[in-house]
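Working notes for the structure below.
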Amino acid sequence: MGGDRITWRYTLLGVVFGLCFPLVAIPLEAQATTGSITVDAMREALASTQLLWMICSAPIVIGAVAWIAGSHHAEVSRLARDQDDIIAEQTQQLRLALDEARAAEKTKSAFLANMSHEIRTPMNGVIGMADLLLSTDLDELQMDFVNTLRTSGESLLVVLNDVLDFSKIDADQLRLEHEPFDFEECVVSGLELLSARAAAKRIELIHHPAENLDRAIVGDSTRLRQIIVNLVSNAVKFTGEDGEVSVSCSAELAPDGTARLTVAVEDNGIGIAPEALGRLFQAFSQADESTTRKYGGTGLGLAISKSLAEQMGGSIAVHSEGEGHGTTFTFDILVEVGEPLDKEHASETSLADVTILVVDDNDTNRELLERSAAQWEATVLSAASGREALAIVERGDRIDIAILDMHMPGMHGVDLARKLRQRFDATDERFPLILLSSGTVVSEEDKPLFDAALMKPTRSWRLRETIDRLLTEARPTPVPLTAVEGTAPSEGALRLLMAEDNAVNQKVALAMLGKLGYEVTVVADGAQAVEAIQAEHFDAILMDMQMPVLDGLAATRQIRELDLDVQPWIIALTANALASDQEACFDAGMNDYVSKPIRTDVLRDALERAEHAMDDGPDAVAA
C-alpha cells in the first residue's frame, strides 16, 4: 500500500506539472495570432497550430514519466525498509551475542578464579608442609624426597600461573600497577628466586646493575619481576652445568621525567637455530618441539613476557648465533622516574683504611665486587682460586675481611675457610669471613667457619651492611645462614587471629607462624572472627576469603564497622589469584594480601609490615 501511494503521488504531481505547459502556451499563442485572449481566440490558435497539440500532451507524458519514477521510488523504499528490518534484526542478534559473550567471559573468569582456588588450596598444604619439613632433621634420602616434592609443587604452580596470566592477557583483563619501587631491588629479588635452581646446576648467576639510576621508578614491579624471572628461568633451564647466566641492566633517562629501562639476559647454553627465532614468542610453542620433552614448559612464558613488555611501552627481542652459541634476550620498558631512592641502607663512612680479600673463580663476579669496593674506597686483593687466596695470606698482606665464593674448582669456599681457620688457630691473625652462596646448604658442622653468609646475587647495600657490622664488632661471632635474611619476632610480637576453615591450611599456617615465633588464635569462619575480635584485642588478623557462614570479605566489612579502641591490621590469605580478587580485598577494608600457597618468607614480610603499621599508630591501619 505504501508503494502504491508513492506511485500515484508522483503521477498526480507529474500531470499537474504537465498541465502548466498548455495552460501557458495556448493563451500566449492566441495573443500572438489574434491580438486577444478569448475562448474563440484560443480555440482558433489551437486549431491552427499543431505544436500546441503536442504541448497539450505534456500532462500525459510527464505523468507517465512521474509514474515510472514513483514506481522506482516505491521499490527503493521497500528495499530500504526490508534492509532496515534486516539490520535491526542483525543488531538485535549482535546485541544478544555480545550479552552472551559478556556472560561467558564472566563465567570464564569465575571458572578461572574457582580453578585457581581449588588447585592452590591443596598446593598450599603440599608446598607449605614440604617447606617446613626441610627445616627439620632429615637424612640425605629424606631430604632428596622432600626437595623433589617441593620442586614438583612449585613447577605445578608455575604452570597454573602461566595459564591464568595468559587467560587474563587474552581477555584484555590484565591491569598494571602504577607504584614507585626500586628497580635494582626488583631485579635482584627476582634473581634470588632462581639462585637455588642455578646453584643446583653450578650455573653462575651474575647481575650487572644500572649505574646511573639513583631514583625510584613508577610502574608495576610485580610484572617487571615476572618478565625477569621468565627470561632468567629459561636461561637457567637451557644452560648446561657449570654455565653462566648474566643479567645486565641499563637506564636511559629523558628530560621529560621518563626513563627507558633495558634488561639483557645472556646465557652460554644450547642456543637457538635461526629458523626457530620467529616462533619463539608464539603461545604454546617451543623453539624446538623436542625440547618440550627434555626441558618441559608450557610455551607460555615468552608470550606472556612479550605482552607484558609491550603493555609497559616497550618490546622484547632475542639474538642467537645458532645452536651451541648461547642466547641473549633483551627487553625494554618505558617508566616514569620518581623520587630519589631512600638511602637508609647507605653507609656514610669510608672504607679507605680497610683491605678486602675477594676470592671468586668467575672474572665477572670479581670485577663487580671490586667495583663495589672501589666505591667504598676500600683496598681490594683479588684471587681467582683458593690456592691464590692462601698465597696472598701467606705472604703476610694485611687483610681486614674476606669474601669467599662457595663454588670454585679445586678448592671450594668451605675448604678454603677451613684452611684459613686452621691458620687463625696457629697465628691468632683473625679476620672475618663472608660466604657468598647461590643457595647451597652448608652443613651445621661447617656453619661456624663463617661470620656471615649472603645469597648470590647479593645487593650491594646488604654486603656493605654486613662488612660494616663485622668490622665494628670487637669479636666477630659466626652467624647461621638462616639468620641472614631475617630474624624471629621479639617477645612483644603481634597478637594474631587467624580465620581459616581448611584444616590443612590451618596446620600449615600454624607451623609457619610457630617457626617465626608467633602465637595465634584460630577460628573456622568469618562469623567467629567477628565474635573473637569483640571478645579480646588482636593486633592483626589473617583472613581467608572463602569460608562458610561468613566469608572473609563480609567479615572484614563487619569488623571495620565495629566501634573498637584500635582496629586490627587485616591480611587476606587467599587462593584466588586474579587482580580483581586483590582489589576486592582492599575495597572491603583489608590492609594486605598474601596469595596461597603461602611461603614462610612472604608471610614474615607481611607480618613485619603489620608491625610497622602498629608502630605508626591507628591511622596507618585505617588507611
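- Between Ile571 and Ala606, the shortest heavy-atom distance links the atoms CD1-O, 4.0 Å.
- Taken from NZ in Lys237 to CG in Leu194, the straight-line distance is 11.0 Å, to the nearest 0.5 Å.
- You'll find the side chain of Phe329 stays beyond 4.5 Å of the side chain of Asn230, heavy atoms only.
- Proximity of Ile227 to Val263: side-chain heavy atoms (C-beta onward) are nowhere separated by under 4.5 Å.
- For the atom pair CH2 (Trp376) and CG (Leu351), the distance works out to 7.5 Å, reported to the nearest 0.5 Å.
- Contacts classified as salt bridge (Lys or Arg N to Asp or Glu O under 4.0 Å) and involving residues 326-335 (residues at least two apart or in different chains) are given here: Arg260-Asp332.
- Across all non-hydrogen atoms, the minimal contact from Ser382 to Val380 is OG-CG1, 3.7 Å.
- Lys419 and Asp415 are not joined by a salt bridge, as no carboxylate oxygen comes within less than 4.0 angstrom of a charged side-chain nitrogen.
- Checked by atom type and distance alone, the side chain of Asn212 pairs as donor or acceptor with a backbone atom of Ala251 at under 3.5 Å.
- The side chain to side chain contact (heavy atoms under 4.5 Å, CB included) check on Asp605 picks up Glu608, Arg609, with sequence neighbours excluded.
- Between Leu435 and Met406 there is a side-chain heavy-atom pair separated by less than 4.5 Å.
- For Arg421 (side chain) and Leu449 (main-chain N/O), a donor-acceptor pair under 3.5 Å exists by modelled atom type.
- Sorted by first and then second residue, the salt bridge (Lys or Arg N to Asp or Glu O under 4.0 Å) pairs involving residues 307-317 (not counting sequence neighbours) are Lys306-Glu310.
- Looking at Asn591, its side chain does come within 3.5 Å of a backbone N or O of Ile570 through a donor-acceptor pair.
- Distance alone, capped at 3.5 Å, places no donor-acceptor pair between the Thr258 side chain and the Ala254 backbone.
- Here CG of Leu454 is found 4.5 Å from OG1 of Thr466. Values are rounded to the nearest 0.5 Å.
- A side-chain contact (heavy atoms from CB on, under 4.5 Å) with Val265 is found for one member of Val318, Val232, Asn234 and no other, namely Val232.
- Looking only at side-chain heavy atoms (C-beta outward), Leu369 and Ile356 stay at 4.5 Å or farther from each other.
- Residues that satisfy the side chain to side chain contact (heavy atoms under 4.5 Å, CB included) test with Val359, not counting sequence neighbours, are Leu357, Ala383, Ala389, Leu404, Met408, Leu416.
- The distance from the CE atom of Met512 to the CG atom of Leu603 is 7.0 Å, given to the nearest 0.5 Å.
- Annotation for Gly413 and Phe450: closest pair O-CZ, 3.8 Å, computed over non-hydrogen atoms.
- Residues Phe331 and Ile228 share a closest heavy-atom pair of CZ-CG1, 3.9 Å.
- At least one donor-acceptor pair closer than 3.5 Å links the side chain of Glu184 to the backbone N or O of Ala210.
- Taking both residues in full, the closest heavy atoms of Asn268 and Gly243 are given as OD1-CA, 3.6 Å, listed atom of the first, atom of the second, then distance.
- Minimum interatomic distance between Ser305 and Ile316 (heavy atoms only, all atoms of both residues): CB-CD1, 4.2 Å.
- Within a 6.0 Å radius of CZ in Arg418, more than 12 heavy atoms belonging to other residues, nucleotides or ligands are found.
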**OP:** Mind running side-chain contact (heavy atoms from CB on, under 4.5 Å) on Phe183 and Leu224 for me, showing each step along the way?
**Re:** CA-CA 9 Å; Phe183 174 54; Leu224 174 58; 3.7 Å; yes

Subject >> Derivation of the side-chain contact (heavy atoms from CB on, under 4.5 Å) call for His207 and Val188 >> reply: CA-CA 8 Å; His207 171 224; Val188 174; 3.5 Å; yes

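- The backbone N or O of Ile434 sits nowhere less than 3.5 Å from a side-chain atom of Asp451 that would complete a donor-acceptor pair.
- Note that the CD atom of Glu244 and the CD atom of Glu204 stand 7.0 Å from one another [nearest 0.5 Å].
- For His325, the side chain to side chain contact (heavy atoms under 4.5 Å, CB included) partners at least two apart in sequence or on another chain are Glu321.
- The side-chain contact (heavy atoms from CB on, under 4.5 Å) test with Ile206 singles out one residue from Asn362, Val245, Val247, and that residue is Asn362.
- Here Asp267 contributes atom CG and Thr327 contributes atom OG1; the two are 5.0 Å apart, rounded to the nearest 0.5 Å.
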**OP:** Assess whether side-chain contact (heavy atoms from CB on, under 4.5 Å) is satisfied between Leu308 and Asp220, documenting all intermediate values.
**Re:** CA-CA 10 Å; Leu308 291 176; Asp220 193 325; over 6 Å; no

Subject >> Criterion side-chain contact (heavy atoms from CB on, under 4.5 Å) on Ser221 and Glu179, from CA distance to verdict >> reply: CA-CA 8 Å; Ser221 60; Glu179 299 291 338; over 6 Å; no

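- Pairs passing the salt bridge (Lys or Arg N to Asp or Glu O under 4.0 Å) check and including a residue from residues 365-385, sequence neighbours excluded, read Glu211-Arg371, Asp363-Arg366, Glu367-Arg371.
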